[in-house]
Amino acid sequence: MTVHESVTDVLVVGGGPAATWAALKAAEAGARVVLADKGYCGTSGSTAAGGTGVWYVPPEPAAREAAMASREGLGGYLADRRWMARVLDETYDRMNELATDGRYPFPTGRDGQPLRNGLQGPEYMRRMRIRIRRAGVRVLDHSPVTELLTDADGAVAGAAGYRRQAREHYRVRAGAVVLATGGCAFLSGALGTNTNTGDGALFAAEAGAELSGMEFSNAYGIAPEGTSVTKTAFYSFATFYQEDGSVLEGAAGQGGRSVIARELLTGAKVYARLDRADDAAQAAMRLAQPNFFLTFDRLGIDPFTDRFAVTLLAEGTVRGTGGIRITGDDCATGVPGLYAAGDAATREEICGGFTGGGSHNAAWAISSGSWAGRGAAGHALSLGSGRAAARPVTGAGGAGLRPTGTPGAADGHRAAVELVQAQVLPYDKNYLRHGEVLGDALRTLDGTWAELRGSLHGQGADLVKARQAAAMTAHARWMYAAALARPESRGMARRLDHPEQDPRLHHRITVGGLDRVWTREEAAA
């Protein structure tokens, strides 16, 4: 098998906002940078598919205090104010940089001041791709990474992958790696999440990293039935209805999605209408999120006057807060040479146990990407010239890549994906959580992991799909193990059998392991 080899200082895995900010800041720090994206950098991922708010708050003490205080209770008081302040500072500076250096066309308010608390994803990512290319970053599009490489001391030393269009395997030796691969939505069909299969978390765990906040992963977005657009902010203007036209009491875009889930579980349809938005709000909504309305326009539906059927799509750790555990201000992971950013990393530091949604997750992507890029560059350059190319490396990948038993069919990934989806997509398993149901699901997933660990494999494009199936299975096991380790309802980790918050459980939960999953309590800030 021919493998294309290359060497760089920093390898960034991913192609969304966190990845491009990491690549840009690593290059500005003097490092040679390669960015490898599963899709086409600038168009793949959830941000590029739509618009997003940004946690952009001017450096005014009262405004900053209000911004931080508003999240603490929602997140079960697991966030860290020091990290909140750092993210607010970094995001403010980087958004202003995007306006000046990136020439992003921010709109202006009635007072003539620029409005920098939101971004149109396609234009944002188009400009970020231009910026990293101008900074000298080498971009490998359609080049999913399949495993990390480690040296004899266990430090991360690059990655291997498969270039889809060239149909060739490749390896990039690097002084440091930034994982910015996004979260995991389990191929649910939510807009822009088809590349978000939890790959980075699997790679990190195989290299020895830990995860945190994985119980905060049962995010479901509202979407018009049969579509993929899970932009949920505007449903705060909605009234929800039963099939007979009566109001579905208790249903809401925020704080009432469980009512929608229960109704859908009966087999009945749920309808919505954005009938609480006045003319000014309607005009502002179309300007802020034009892609939200594309589906309605194509279907001939006026969402402000017409009722339309809705569903809930799983968004997992894309809109949740769990991910790779961060051990330093530079977004190091505890494994030498490995850094994490964006939705691949835990967002507990600023969100605690409640979804970061678009606004906070967007700010985290900008900030953590910038810190991880600088940190990775510093680490790589400290190794000295030629170290990345000279040290012997070994592939760290396991499940789906190196079966422990007799290899099965090349398309075995299809069955594995179906098995994991059966445990994580249904509302009565993942959203409306109950300890007994979680335990049964985890035992099933453990069996799925054992089977795929023994036989799942693939070549070329099938290898990529096999690794995605392994990553989704691992992700689901970490989620449910952490959820069982938190017998209470805190943040978005709601438990039907433990509906109250337990003050004795004011801690974070670290989780890890592959063949055997474990959990550990960690003190909260």
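Here the structure is a predicted model, which means the values were calculated and not measured. Numbers here are sequence positions counted from 1.
Annotation: cation-pi pair Arg307/Tyr241 present, NZ/CZ under 6.0 Å from the ring centroid and within 45° of its normal. Remark: Arg129 is positioned above the aromatic ring of Tyr40, its terminal NZ or CZ atom under 6.0 angstrom from the ring centre and at most 45 degrees off the axis. In this structure, Arg86 satisfies the cation-pi test against Trp371, with its NZ or CZ atom closer than 6.0 Å to the six-membered ring centre and inside 45 degrees of the ring normal.
Contact of the Arg433 side chain with the Tyr480 side chain is registered, since non-hydrogen atoms from C-beta on lie closer than 4.5 Å.
For the pair Arg64 and Glu60, the salt-bridge criterion is not met [side-chain N within less than 4.0 Å of a carboxylate O]. Looking at Lys269 and Glu243, no side-chain N of the basic residue comes within less than 4.0 Å of a carboxylate O on the acidic one, giving no salt bridge.
Counting heavy-atom neighbours within 6.0 Å of Arg71 CZ, excluding the residue itself, gives a total above 12. By the neighbour-count criterion of 12 heavy atoms within 6.0 Å, atom CZ of Arg134 is sparsely surrounded, having that number or fewer from other residues, nucleotides or ligands. By the 6.0 Å contact criterion, CZ on Arg286 is enclosed, its count of non-hydrogen atoms from other residues, nucleotides or ligands being greater than 12.
Considering all non-hydrogen atoms of both residues, Thr321 and Cys351 come closest at CG2-CB, 3.9 Å. Of all the heavy atoms in Phe216 and Gly353, the pair that sits closest is CD2-O, 3.2 Å. The two residues Ser143 and Tyr170 have their closest heavy-atom pair at O-OH, 2.8 Å.
To the nearest 0.5 Å, atoms OG1 (Thr43) and CE (Met125) are separated by 9.0 Å. Rounding to the nearest 0.5 Å places CG of Leu98 at 9.0 Å from CZ of Arg116. Between the CD atom of Glu90 and the CD1 atom of Ile366 there is a distance of 9.5 Å, given to the nearest 0.5 Å.
Ring centroids of Phe293 and Phe304 are separated by less than 6.0 Å, placing the two rings close together.
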Decide side-chain contact (heavy atoms from CB on, under 4.5 Å) for Leu115 and Thr108; before the verdict, give the C-alpha distance in whole Å, the side-chain angles of both, and the deciding distance to 0.1 Å.
CA-CA 5 Å; Leu115 302 175; Thr108 55; 5.7 Å; no
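A tilted orientation is assigned to the rings of Trp364 and Trp83, their planes being inclined by 30° to 60°.
Asp37 and Ser44 form a side-chain donor-acceptor contact under 3.5 Å, judged by distance and modelled atom types alone. No donor-acceptor contact under 3.5 angstrom links the side chains of Asp306 and Tyr271, judged on distance only. Inspection of the Ser367 and Thr91 side chains reveals an N or O donor paired with an N or O acceptor under 3.5 Å. Defined by atom type and a distance below 3.5 Å, a donor-acceptor pair is present between the side-chain atoms of Thr230 and Glu315.
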